[in-house]
Amino acid sequence: MIEALLGSVVIFTLATFLGVELINRVPTTLHTPLMSGANAISGITIAGALIVAGGGHGWISTVIGFLAVVFAMINVVGGYAVTDRMLQMFKRKPGAK
Amino acid sequence: MIEALLGSVVIFTLATFLGVELINRVPTTLHTPLMSGANAISGITIAGALIVAGGGHGWISTVIGFLAVVFAMINVVGGYAVTDRMLQMFKRKPGAK
Amino acid sequence: MRIAVLRETAARERRVALAPATVDRLIKQKHQVVVQEGAGVQAFFPDKLYQDSGASIAPTVAAVTAGADLIAKVQPPTIDEAAALPPGAVLVSLMAPHASGSLLDALAKGGVTALALELVPRTTKAQSMDILSSQATIAGYQAVLLGAHRMGRLMPMLTTAAGTLTPAKAFIIGAGVAGLQAIATARRLGAVVSAFDVRPVVKEQVQSLGASFVEAEAKAEGAGGYAKELSTDQQQLVLAAIAKHIKDMDLVIATAAIPGKPAPRLITNEMVESMRPGSVIVDVAAETGGNCEATVAGEERSVGGVTVIGPLNLASTIPNHASFMFSRNIQSLLDHGVKDGAFQANMDDPIIGPMCVTHGGAVRYGRTQ
Amino acid sequence: MRIAVLRETAARERRVALAPATVDRLIKQKHQVVVQEGAGVQAFFPDKLYQDSGASIAPTVAAVTAGADLIAKVQPPTIDEAAALPPGAVLVSLMAPHASGSLLDALAKGGVTALALELVPRTTKAQSMDILSSQATIAGYQAVLLGAHRMGRLMPMLTTAAGTLTPAKAFIIGAGVAGLQAIATARRLGAVVSAFDVRPVVKEQVQSLGASFVEAEAKAEGAGGYAKELSTDQQQLVLAAIAKHIKDMDLVIATAAIPGKPAPRLITNEMVESMRPGSVIVDVAAETGGNCEATVAGEERSVGGVTVIGPLNLASTIPNHASFMFSRNIQSLLDHGVKDGAFQANMDDPIIGPMCVTHGGAVRYGRTQ
Amino acid sequence: MSHAAVILSYLIASVLFILGLKWLSSPATAVRGNRVSGAGMLIAIVVTLLDQAILSFEVIVAGLVVGSAVGLWMARSVKMTAMPQMVALLNGLGGGASLLVGGGEFLKSELVNENLTLDVSITIQLSMLIGAVTIAGSLIAWAKLQEVMTGRAITFPGQKVLNALLFLAVVVLSAYQISVPESLLWPFYAVVGISLLLGILLVIPIGGADMPVVISLLNSYSGIAAAMTGFVIKNDVLIIAGALVGSSGIILSQIMCKAMNRSLANVLFGAFGATSASTKTAEGLTARQTAADDAAVQLAYAKSVIVVPGYGLAVAQAQHLVREMADLIEKKGGEVKYAIHPVAGRMPGHMNVLLAEANVPYDKLFDMDQINAEFERTDVCLVIGANDVVNPAARTDPGSPIYGMPILNADKAASIIVLKRGMGAGFAGIENELFFNPKTAMLFGDAKGSLQKVVTELKAL
Amino acid sequence: MSHAAVILSYLIASVLFILGLKWLSSPATAVRGNRVSGAGMLIAIVVTLLDQAILSFEVIVAGLVVGSAVGLWMARSVKMTAMPQMVALLNGLGGGASLLVGGGEFLKSELVNENLTLDVSITIQLSMLIGAVTIAGSLIAWAKLQEVMTGRAITFPGQKVLNALLFLAVVVLSAYQISVPESLLWPFYAVVGISLLLGILLVIPIGGADMPVVISLLNSYSGIAAAMTGFVIKNDVLIIAGALVGSSGIILSQIMCKAMNRSLANVLFGAFGATSASTKTAEGLTARQTAADDAAVQLAYAKSVIVVPGYGLAVAQAQHLVREMADLIEKKGGEVKYAIHPVAGRMPGHMNVLLAEANVPYDKLFDMDQINAEFERTDVCLVIGANDVVNPAARTDPGSPIYGMPILNADKAASIIVLKRGMGAGFAGIENELFFNPKTAMLFGDAKGSLQKVVTELKAL
Ligand SMILES: NC(=O)c1ccc[n+]([C@@H]2O[C@H](COP(=O)([O-])OP(=O)(O)OC[C@H]3O[C@@H](n4cnc5c(N)ncnc54)[C@H](OP(=O)(O)O)[C@@H]3O)[C@@H](O)[C@H]2O)c1
Ligand SMILES: NC(=O)c1ccc[n+]([C@@H]2O[C@H](COP(=O)([O-])OP(=O)(O)OC[C@H]3O[C@@H](n4cnc5c(N)ncnc54)[C@H](OP(=O)(O)O)[C@@H]3O)[C@@H](O)[C@H]2O)c1
Ligand SMILES: NC(=O)c1ccc[n+]([C@@H]2O[C@H](COP(=O)([O-])OP(=O)(O)OC[C@H]3O[C@@H](n4cnc5c(N)ncnc54)[C@H](O)[C@@H]3O)[C@@H](O)[C@H]2O)c1
Ligand SMILES: NC(=O)c1ccc[n+]([C@@H]2O[C@H](COP(=O)([O-])OP(=O)(O)OC[C@H]3O[C@@H](n4cnc5c(N)ncnc54)[C@H](O)[C@@H]3O)[C@@H](O)[C@H]2O)c1
């Protein structure tokens with residue numbers, strides 16, 4: 001059991017380092033879109049929400065699960081859509097070399 | 001069993017990405033030291049070699065293990081020492097701000 | 001409005017009050033312009049250019065001024081010319097009012113409204129009419145060219161097969177409009193430039209042009225951005241600082257001035273003698289007595305191998321551009337003062353009021369200051 | 001070795017053959033130096049400086065040259081002076097050999113070994129002795145200052161409250177040593193510079209100074225990096241290209257030359273007339289006939305408002321630095337030619353041989369070319 | 001779907017998240033990055049639906065549909081200027097989801113009387129705590145930005161002590177709950193409640209202008225909450241994605257602080273008596289501040305740029321850098337012109353001297369009359385150390401000493417960047433309303449330093 | 001030691017490796033990086049010794065002592081110039097160790113008649129294959145660099161086909177061995193043998209000058225081999241460290257190729273008819289080429305730099321960049337002087353005009369007599385577009401047209417970097433032996449472009 005946990009800890013550690021390395025230098029204009037895009041990714045809780053909602057452990061769980069799915073889904077869909085909208089301003093100029 | 005393997009695959013994948021991100025832009029002067037330093041790290045096979053050598057599965061294994069330990073240890077000790085020597089040229093100048 | 005442009009008669013004066021480009025604009029504004037024959041020739045504006053702009057050409061002063069509402073000139077008119085101006089007309093020109101008592105009387109008697117261009121207020125709004133600035137710009141530039149041309153050596157550093165020529169050291173005394181332009185020009189030519197002034201704000205301006213500032217423990221900031229005269233103590237400090245610095249200079253451009261006062265004496269004969277043969281002093285302040293004791297206005301002398309030049313009317317030696325700027329200044333003044341086709345000599349106007357030296361038959365100069 | 005420095009007597013000549021710094025060096029090398037009284041005064045080297053360097057001062061030509069082994073001068077000696085030189089002495093000076101037949105005869109007769117400085121080979125090795133280059137450098141610089149000072153307008157662009165002054169357009173004809181220096185100087189002053197030459201390699205050099213190159217379909221590269229005369233066809237092409245370009249120019253510096261030939265005629269009277277009043281042509285080639293048809297050597301004329309200047313001996317108007325460089329060139333020549341305390345007039349030497357116009361009692365000039 | 005296939009699919013989703021985040025941080029690839037990460041999310045959702053012992057699909061489908069519809073509607077309708085609060089809201093919902101998942105798992109274990117292992121217990125508590133802080137904090141951030149509540153920092157004595165006490169309480173309660181498996185429900189509710197309170201208290205003392213940093217930090221929290229949920233349900237994709245967001249969010253917060261020249265600590269706690277990032281004048285007008293990298297992006301993507309040099313450029317002696325910057329913009333396809341005001345600087349032709357020194361070609365210099373009509377068609381007007389010559393008071397304020405002086409129409413450009421050391425006045429000594437124009441961004445600092453940074457950023461873009 | 005503690009210790013070691021690699025790639029932190037990664041290795045070794053069911057310590061200790069001693073001796077005795085071959089050798093040994101571990105595990109399973117699971121079988125085969133290729137390839141690379149064998153590319157017809165066939169054979173044999181558990185030993189030996197052959201064949205067609213890239217690639221392989229070993233013995237630290245080295249090695253190879261302006265494919269296969277990176281002249285002399293980032297590092301760490309400008313600088317109109325570069329070097333604590341030769345350029349004072357335009361202060365300009373004695377004490381002499389004025393032939397070759405002309409003693413500096421477009425001659429039209437001086441590195445390209453790159457790199461350092 002503890003070993004499974006430790007396996008997850010290893011993965012968590014690696015992913016944490018990876019997150020640090022991925023973001024190097026971001027122009028200020030991208031701060032909000034990047035934040036928003038990362039926020040959409042954190043909507044991955046949706047996976048957990050689905051399991052809670054679909055577990056069929058009585059109505060309390062189901063209601064909580066339903067709410068969790070709705071919340072997470074707003075986060076996911078809203079997050080991606082809004083990020084995409086913000087990023088429309090980064091279309092390249094034609095004249096650029 | 002296959003899941004344990006897959007767990008390792010996940011770790012392998014993350015570490016691979018991390019390796020890619022870690023090395024961004026290296027001045028030419030650092031190419032050889034970096035290569036050498038990375039090479040020293042790949043001497044981590046020493047861990048495997050120790051297990052083979054110390055497993056006590058008969059003399060063939062022991063001989064092979066002994067050789068493996070020697071090889072890996074040369075790689076490790078030689079690698080770190082040689083890298084350190086090369087890096088001596090990167091001492092900061094006193095006047096720098 | 002009928003505008004008359006007279007030919008200059010003063011010695012060394014090659015400028016003309018209005019350039020063809022301004023005439024063009026005035027004609028478009030429905031004014032009439034009469035130009036005296038050959039008025040622009042010395043400034044490289046032949047009569048033909050004026051005619052092409054729509055002006056008419058007249059041969060004599062009388063013919064030009066007859067019926068004129070406004071007369072534009074560079075130098076003050078002679079008393080005779082002044083007497084011949086139509087009553088009620090407006091005269092725009094330099095006037096040297098502090099030294100032209102009888103001229104002012106004549107103009108007042110003739111009922112002429114005379115605007116002295118040297119009295120333009122040095123305010124931000126009046127900058128486009130500021131003849132002192134525009135002509136000082138040219139003077140500062142030309143002073144350096146003159147000095148460089150007369151120097152025994154080159155300005156820039158040159159490393160050649162025949163040895164390395166060190167850069168000339170230029171020293172600008174008085175960093176007003178002319179002085180700053182001199183700094184810029186000397187820097188362009190590659191000299192190592194230093195400058196001195198008594199107004200403390202100037203230091204930053206000097207450095208903003210890449211020159212170094214010579215410090216003396218003296219400050220003399222007067223009213224309106226001008227300097228004032230130094231106290232005796234301060235004068236000593238200044239002279240000591242200059243004496244120490246000037247020994248080593250190859251080119252000195254002196255432009256220090258205090259409005260309405262004789263130019264401050266900042267370079268003594270001893271200082272001149274301390275300089276190397278072959279160096280040059282261009283005393284732009286020669287007209288008001290000179291910053292240098294050795295200066296003789298209008299002459300070029302050698303004092304122990306040091307050439308001391310006291311040029312007069314430097315701006316006029318670049319007559320084309322000087323006239324162009326002069327003309328643009330007058331144009332801005334007219335843009336400001338002309339309403340409904342006539343020049344409004346409004347004595348309450350913050351720009352025209354101070355410039356007006358005679359009006360309504362009376363001399364105003366001295367009363368308004 | 002006893003080295004004599006004579007005072008120049010030619011009109012307009014302000015240079016001196018050896019500067020005190022060089023004298024200093026020669027004295028350190030155990031030579032004796034005698035300088036004629038006042039020889040350096042016009043170049044801002046007072047006698048005192050020579051004395052401080054260890055030279056002795058003598059009043060007359062005779063006193064200076066008596067017993068001299070080597071005589072240094074800028075301009076060719078007069079026939080009288082030549083006759084007075086000690087037999088066997090070496091004379092180093094400009095010689096204008098193609099125009100100085102009788103002088104050469106006199107020198108040969110007197111047994112003088114004469115080195116004509118204008119015949120220094122233009123090789124890399126001889127560059128430090130190359131008086132043509134060093135003096136042309138000064139001439140190119142001074143030509144621009146002269147032209148800028150005489151122009152009716154400023155050189156740089158200036159945006160001011162009294163309108164925007166456009167930058168002057170400068171055109172350099174002939175981009176040899178003087179021409180390139182003129183380009184650099186005009187650029188420093190802020191002009192928009194273009195240049196023309198018939199040698200194709202020059203284009204890159206012109207551009208390396210930030211100026212643009214005016215193209216004509218003509219090429220005339222001669223021997224030794226010099227230009228040669230153009231064929232009639234090519235001359236037409238060149239004139240057409242210049243005519244098209246020059247109309248719009250404010251300052252023209254003409255330096256085109258072909259060694260030993262009269263200067264090529266590149267600016268016709270028509271071209272001059274096509275230019276704007278107030279523009280200036282400085283014809284540095286005036287001495288050899290001028291590149292401009294309207295040039296009168298030694299004079300400054302106005303042709304329809306265009307000022308055409310034909311300066312003579314421009315380098316001499318910056319006498320101090322010109323003498324410094326001249327002197328350094330001679331110093332290098334001596335470093336090259338003096339062995340064991342005496343000047344070795346070795347006719348097989350690749351530098352001294354070609355420069356030697358009289359030797360061993362005979363005129364060599366013409367025979368060795 | 002076999003379990004191996006599920007793990008592999010999750011791995012693929014994780015890789016897509018990694019690539020997505022990487023690409024999101026550069027202007028050239030950001031659009032692609034967001035879409036790739038979206039694809040990863042789709043895979044993760046589909047796989048989860050296929051894999052798990054999901055019994056009732058109705059509720060799930062209903063939840064998915066409602067959530068998607070609301071999310072899409074919100075994304076569509078929000079105004080561009082309201083983006084930061086939108087992100088705050090979405091982030092809060094994400095945190096809420098984590099809270100619900102953690103809580104749901106806890107309640108489930110209570111219901112089915114399952115004995116939770118230690119690690120699951122701990123991570124459940126963590127996901128609830130962090131989730132609750134995230135939702136409460138995000139909602140406060142949203143309220144501040146939306147101006148539903150005051151944007152000012154709200155502080156009271158003992159605030160830090162209170163926060164510390166509350167945090168301690170949560171820890172103690174959680175520990176109690178974990179160690180006493182057959183515990184009651186009240187500690188559970190208390191933990192949730194106190195956590196929510198903590199979220200509120202942590203954010204209210206921070207000023208409105210600093211909210212973006214707070215949101216980014218809360219975003220990082222919600223990532224960590226998701227990762228904790230991953231530990232709870234033993235799901236790698238949650239751990240990886242959560243950890244990625246968790247760490248990159250902190251880095252991003254730091255980068256944002258650096259762009260504001262402050263430290264993260266100063267943003268979070270300094271506000272106990274803090275100032276906002278914008279400069280206020282006597283009349284309460286606000287000048288918007290910007291950073292060099294932002295200015296660089298704006299310049300890099302501008303089609304037309306007009307540089308207005310002034311006396312400050314000369315004082316800073318930054319003429320060579322201006323030239324370098326212009327060259328870089330032109331290499332990127334933009335057009336750069338210089339607008340020279342007749343009295344810019346301190347002597348006639350001051351700017352000409354300066355720009356000639358840097359070899360700016362004459363044909364790029366335009367005087368006022370030539371260029372004034374062009375500002376309207378210009379993307380960015382870059383004002384470097386100029387003040388009076390772009391002061392609209394000359395047009396509008398008859399009482400001003402410069403009234404009537406023609407000025408450069410810098411204010412007509414689509415956006416204006418002003419490089420100055422501070423809010424110092426120019427030669428005329430008067431205030432300049434251009435600096436308070438909503439289109440204007442101030443880049444404070446010596447012009448040489450600022451331009452150096454802009455140039456460095458331009459090269460990196 | 002508990003198993004959990006072991007896993008945690010391995011995790012710490014992994015983190016140290018990660019930090020070590022990261023820090024190794026920047027000059028300022030490289031020393032620290034190497035030491036941190038070394039600490040990680042120490043932890044990994046100690047933990048392994050404590051943890052595993054290690055029965056006989058004598059052999060292990062013997063192995064450790066012998067290996068350490070040999071390694072230390074090699075590291076101490078190698079000459080600085082022989083570093084690349086040293087790394088090749090060490091790398092080969094690492095690969096060999098992987099081969100032995102894989103083989104050992106295989107033989108052990110045979111001996112104890114253990115039934116290997118599929119994944120272990122596969123990874124054993126992989127670690128052997130890759131390990132064998134690594135050791136064989138590395139030894140060839142070593143031999144080429146040590147000039148034990150010819151540095152030229154060795155090719156023969158059908159080489160690629162042969163390689164493909166051999167690879168196929170290995171795959172088939174491995175598959176056979178995996179699928180037939182009670183197999184014989186001959187396929188095992190065959191796999192090892194063919195893999196070794198493959199390693200040799202893959203490296204011999206690559207030219208000596210490209211060996212560093214090959215070594216870096218083989219290093220990446222040995223990392224992957226280590227990771228495979230990790231799969232075999234189910235050890236995370238092996239997997240992580242191996243994967244890190246595996247991927248960073250490939251990135252490094254690519255960076256190295258880019259620095260040589262070539263693609264990895266071109267290096268590996270293009271050599272079937274390849275050229276080396278250095279430029280050869282008629283007389284067989286070789287000019288060493290360098291890259292902008294390398295030049296930048298050299299300049300950044302130099303205490304004294306002398307710039308020798310020449311006509312090429314004027315042609316390139318790169319004067320402003322020279323100034324910028326000098327400013328950057330000075331900010332980093334170096335001292336920059338300019339040596340102006342009397343006849344540099346094409347007119348008297350050409351360089352003065354140029355440098356004045358860039359506002360280089362006069363007191364940094366030195367003429368030949370002033371500075372010639374200083375070259376000996378100078379770390380880097382940067383020759384920009386100059387040629388004749390630094391041509392030692394003027395001192396040494398009486399037949400040369402410039403014999404006797406005094407020149408700048410650029411060749412006396414500790415190292416020389418020359419910026420030129422190619423091997424073109426100068427005004428005098430003669431060859432310049434300075435360019436073939438072993439201390440000289442040529443940075444080819446238009447001086448403006450080259451300087452631009454150097455400046456960008458200097459800023460990034
Ligand atoms: N051209 C002429 O002939 C002439 C002659 C005399 C007077 N004037 C007057 O001068 C003024 C010229 O206008 P302008 O717009 O050029 O200049 P300005 O109005 O004087 O403004 C210059 C601005 O530059 C900023 N600054 C100073 N040093 C700086 C540095 N190192 N880095 C960044 N910013 C710096 C200052 O703000 P911070 O302190 O906040 O940085 C200041 O507000 C006009 O009022 C004109 O009338 C002109
Ligand atoms: N100063 C004078 O008064 C004067 C007058 C006449 C002649 N000279 C002669 O000119 C020579 C001057 O020597 P120097 O060392 O300055 O110049 P140089 O010997 O002419 O060499 C210049 C070098 O610059 C390189 N180059 C050209 N364009 C370049 C560019 N855009 N980027 C990078 N490199 C470029 C060329 O090599 P690549 O083609 O390989 O790039 C060339 O080898 C001397 O021989 C001197 O005697 C001088
Ligand atoms: N407000 C405007 O827009 C505007 C327009 C034009 C000029 N001005 C300003 O007016 C001021 C005067 O300019 P100016 O050129 O007409 O001045 P000026 O000709 O009266 O004097 C020239 C310079 O000499 C200096 N000076 C006086 N006594 C000195 C002494 N003893 N030693 C050294 N220096 C001495 C003065 O300080 C001044 O800088 C300047 O500051 C100029 O910038 C302002
Ligand atoms: N090898 C050396 O080290 C060295 C030393 C000094 C000079 N030089 C070279 O010698 C050459 C001659 O220099 P110079 O200044 O004595 O030349 P110069 O005085 O003889 O002539 C000046 C210029 O006029 C040009 N010219 C001639 N006819 C022309 C025509 N019809 N139209 C336009 N241009 C015309 C010439 O090409 C030359 O560039 C130059 O290339 C110079 O670089 C070389």
Side-chain angles (χ1 to χ4, degrees), chain B residues 1 5 8 11-12 15-16 19-20 22-23 26-29 31-32 34-39 41-54 56-58 60-62 64-84 86-87 90 93 95-96, chain F residues 17 21-22 24-25 27 30-31 34 37-38 44 48 52 54-56 59-60 63-64 66-68 70-72 74-75 83 87 90-91 93-94 96-98 100-101 104 108 111 119 216 219 222-223 226 229 233 238-241 243-245 247-248 251 256 259 291 293-294 297 303 332-333:
Chain B
M1 166 222 101
L5 175 67
S8 298
I11 290 176
F12 181 78
T16 302
V20 170
L22 281 175
I23 312 295
V26 193
T28 322
T29 331
H31 287 178
T32 308
L34 176 55
M35 182 164 84
S36 173
N39 170 53
I41 295 178
S42 76
I44 188 68
T45 339
I46 184 73
L50 290 175
I51 292 165
V52 172
H57 303 285
I60 300 194
S61 269
T62 308
I64 290 182
F66 173 75
L67 277 182
V69 170
V70 171
F71 279 20
M73 209 57 197
I74 295 178
N75 186 358
V76 168
V77 174
Y80 282 110
V82 115
T83 311
D84 206 59
M86 278 188 256
L87 289 174
F90 288 100
K93 288 168 295 187
Chain F
F17 289 147
L21 258 185
K22 181 182 165 72
L24 260 175
S25 55
V31 175
N34 189 48
S37 125
T48 309
Q52 295 293 341
I54 287 182
L55 308 176
S56 60
V59 176
I60 288 180
L64 287 176
V66 172
S68 304
V70 174
L72 217 55
M74 283 167 78
M83 281 298 167
V87 177
L90 293 172
N91 187 50
L93 291 174
S98 287
L100 290 171
V101 173
K108 182 190 78 181
L111 286 175
D119 58 328
S216 173
N219 181 31
S222 76
T229 331
I233 62 169
L238 276 167
I239 297 179
I240 296 174
L244 280 175
V245 174
S247 58
S248 64
I251 297 292
M256 287 163 102
D293 48 1
D294 215 8
V297 171
K303 275 194 219 64
K332 291 187 190 292

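The chains referred to below are lettered A, B, ... by the order of the sequence lines, with proteins before strands, and numbering in each begins at 1.
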Under a 4.5 Å heavy-atom cutoff, which of [options] has the most pairs with chain B?
{"options": "F/K22, F/M83, F/M74", "result": "F/M83"}
{"options": "F/I240, F/L238, F/L21", "result": "F/L238"}
{"options": "F/S98, F/A44, F/S37, F/G96", "result": "F/S37"}
{"options": "F/V70, F/N34, F/L24", "result": "F/N34"}

How many angstroms lie between [atom1] in [X] and [atom2] in [Y], if you round to the nearest 0.5 Å?
{"X": "B/I41", "Y": "F/L244", "atom1": "CD1", "atom2": "CG", "result": "7.0 Å"}
{"X": "B/H31", "Y": "B/S36", "atom1": "NE2", "atom2": "OG", "result": "14.0 Å"}
{"X": "B/S42", "Y": "B/N75", "atom1": "OG", "atom2": "CG", "result": "5.0 Å"}
{"X": "B/I51", "Y": "F/I233", "atom1": "CD1", "atom2": "CD1", "result": "3.5 Å"}

Partners of F/T229 by side chain to side chain donor-acceptor pair (under 3.5 Å), sequence neighbours excluded? none
Any residue meeting side chain to side chain donor-acceptor pair (under 3.5 Å) with F/N219, in chain and number order, not counting sequence neighbours: none
Measure F/A241 against the heavy atoms of chain B and call it side chain, backbone, both or neither at under 4.5 Å. both
F/V101 versus chain B, the contacting section by heavy-atom distance below 4.5 Å: both
Highest number of heavy-atom pairs under 4.5 Å with chain F among B/N39, B/I46, B/V69, B/V77 belongs to B/N39
If you count heavy-atom pairs within less than 4.5 Å of chain F, which of B/I64, B/T32, B/L67 leads? B/I64
Which atoms of B/V76 come close to chain F, meaning under 4.5 Å heavy atom to heavy atom: side chain ones, backbone ones, both, or neither? side chain
Interface moiety of B/I44 toward chain F, non-hydrogen atoms closer than 4.5 Å: both
Tell me, do B/L34 and B/T83 make a side-chain contact under 4.5 Å, heavy atoms counted? no
